[in-house]
Number of protein chains: 2
Amino acid sequence: MDQVASCLAALGNVTRLRIYRILVRAGRPGLPVASVQSQLSIPASTLSHHLRKLLEVGLVTQEREGTRLICRADYARMQSTFALFLEECCADEQVAQSHSANDAPCC
Amino acid sequence: MDQVASCLAALGNVTRLRIYRILVRAGRPGLPVASVQSQLSIPASTLSHHLRKLLEVGLVTQEREGTRLICRADYARMQSTFALFLEECCADEQVAQSHSANDAPCC
DNA sequence: CGCTTATTTCGACATTTCTGGAATTACGGT
DNA sequence: ACCGTAATTCCAGAAATGTCGAAATAAGCG
């Protein structure tokens, strides 16, 4: 629960969401930090702070490749972050006797 | 983008995540505020603040039923919040010539 | 109307977050 | 060893967030 919340909090910032989106789109090969920066035009220190937060919660991994640092989205962590909602949907719902027009299934 | 970020930020707090989870599990019928409170044992004012934030971003709706206020998770908003990631996964990925053992598809 | 239950608003405080300039470390090439 | 590029850490200030008691508002009931 805490882990999910911290991941969501990490993504709940427009700048970090942009960063993460870029990495998600980049797929397995990932991207060097500088390449991410060039797509966002924000100061390097700001980017570094945000990347660190994404690293801390495990949504992103880094691997050094010579002078550059490759960032990749961790898809497993992404999956486990969102699974909570989709799996538990209406788990506690009481079955109603009569179904009205508004009773479309929620999931 | 901003909307998605604000929804994720709203869920990126353990207390609000618990509240939202309870409502997601409750399904279409929803739950009155007091019922949510009894499952969390937090002060009413604190709960009210968090509920307001969930309302503001559209993740939760409220409807008065006599003296009680029924809260429901908005499943459409939940869907649109998470869709971004699953849909855009590796959209920008370059197709590699050779596939190594680590090249499992990410989505 | 007055009472009770349900819920929100107000106010105030401590804590965390976001931002970015300046200095620092990391790495490879010459 | 020195230089240039890549990236992080340090620092500091402004702004937002989380918490909750006390007071206020809303709705039904006798």
Side-chain angles (χ1 to χ4, degrees), chain A residues 1-23 26 29-74, chain B residues 1-23 26 29-74:
Chain A
M1 202 71 178
D2 282 14
Q3 191 185 79
V4 173
S6 63
C7 285
L8 293 170
L11 295 174
N13 168 277
V14 195
T15 306
R16 274 196 302 272
L17 185 57
R18 286 212 193 93
I19 295 169
Y20 186 68
R21 186 186 183 208
I22 289 171
L23 294 178
L31 287 176
V33 177
S35 173
V36 176
Q37 190 187 355
S38 71
Q39 299 186 47
L40 290 172
S41 47
I42 58 176
S45 66
T46 302
L47 173 59
S48 190
H49 282 306
H50 287 308
L51 270 177
R52 187 219 291 243
K53 195 152 294 187
L54 290 170
L55 277 176
E56 282 172 359
V57 301
L59 281 166
V60 166
T61 61
Q62 284 184 334
E63 184 188 1
R64 190 165 276 283
E65 237 174 57
T67 175
R68 291 180 302 174
L69 207 47
I70 307 296
C71 308
R72 297 187 181 87
D74 184 314
Chain B
M1 201 70 178
D2 282 14
Q3 191 186 78
V4 173
S6 63
C7 284
L8 293 169
L11 295 175
N13 168 278
V14 195
T15 305
R16 275 196 302 272
L17 186 57
R18 285 211 193 94
I19 295 170
Y20 187 68
R21 187 185 183 209
I22 289 172
L23 293 179
L31 287 175
V33 178
S35 172
V36 176
Q37 189 187 356
S38 71
Q39 296 186 49
L40 291 172
S41 46
I42 58 176
S45 66
T46 302
L47 173 58
S48 189
H49 279 304
H50 286 309
L51 270 177
R52 186 219 292 244
K53 195 152 294 187
L54 290 170
L55 277 177
E56 282 172 359
V57 302
L59 280 166
V60 166
T61 62
Q62 283 184 334
E63 183 188 1
R64 192 166 274 285
E65 237 175 56
T67 174
R68 292 179 301 173
L69 208 46
I70 307 296
C71 308
R72 296 186 182 88
D74 184 315

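Both backbone and side-chain heavy atoms feed into the values below; hydrogens, waters and symmetry mates do not. Within every chain, numbering begins at 1; the chains are lettered A, B, ... in the order of the sequence lines, protein sequences first and strands thereafter.
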[X] [atom1] - [N] [atom2] separation (whole Å):
| X | N | atom1 | atom2 | result |
| --- | --- | --- | --- | --- |
| B/Ile42 | C/dT8 | CD1 | P | 12 Å |
| B/Arg52 | C/dC10 | CZ | P | 8 Å |
| A/Ile70 | D/dT8 | CD1 | P | 12 Å |
| A/Ile19 | D/dA7 | CD1 | P | 13 Å |
| B/Arg16 | D/dT19 | CZ | P | 8 Å |
| B/Leu69 | C/dT5 | CG | C1' | 14 Å |
| A/Leu47 | C/dT19 | CG | P | 11 Å |
| B/Leu31 | C/dA6 | CG | P | 14 Å |

Picking from [options], which would you name as closest to the side chain of [X]?
| X | options | answer |
| --- | --- | --- |
| B/Ser48 | D/dG18, D/dT8, C/dT9 | C/dT9 |
| A/Thr15 | D/dT8, C/dT19, C/dT7 | C/dT19 |
| A/His49 | C/dC27, D/dT9, D/dT19 | D/dT9 |
| B/His50 | C/dT8, D/dA7, D/dT19 | D/dT19 |
| A/Arg64 | D/dT19, C/dC27, C/dT7 | C/dC27 |
| B/Ala44 | C/dT8, D/dT5, C/dG20 | C/dT8 |
| A/Thr46 | D/dA7, C/dT8, C/dT19 | C/dT19 |

task = Evaluate the criterion side-chain contact (heavy atoms from CB on, under 4.5 Å) for residue pair A/Leu17 and A/Arg21; output intermediate values, then yes/no.
result = CA-CA 6 Å; A/Leu17 185 57; A/Arg21 186 186 183 208; 5.5 Å; no

ask   = Of A/Thr67 and B/Gln62, whose closest DNA chain C nucleotide lies nearer the 5' terminus?
value =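 Residue closer to the 5' terminus by nearest nucleotide: B/Gln62.
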
inquiry  = Heavy-atom nearest nucleotide on DNA chain D for A/Arg68 versus B/Ser45: which residue maps closer to 5'?
reply    =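 Nearest nucleotide further toward 5': that of A/Arg68.
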
Would you call [X] and [Y] a side-chain contact if the rule is heavy atoms closer than 4.5 Å?
| X | Y | result |
| --- | --- | --- |
| A/Arg16 | A/Leu51 | no |
| A/Leu23 | A/Val60 | yes |
| A/Leu54 | A/Leu11 | yes |

request  = Ignoring backbone atoms, test whether B/Asn13 places a side-chain nitrogen or oxygen under 4.0 Å from the OP1 or OP2 oxygen of D/dT17.
outcome  =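 So the side chain of B/Asn13 is outside the cut-off, no N or O lying under 4.0 Å from OP1 or OP2 of D/dT17.
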
query = Looking for any heavy atom pair under 4.0 Å, which part of the strands does B/Glu65 touch: base, sugar-phosphate only, or nothing?
reply =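 Contact class for B/Glu65: none.
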
query = Would you say the side-chain atoms of B/Gln37 pair up with the backbone N or O of B/Ile42, donor to acceptor, closer than 3.5 Å?
reply =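 Judged by distance alone, yes, a pair lies under 3.5 Å.
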
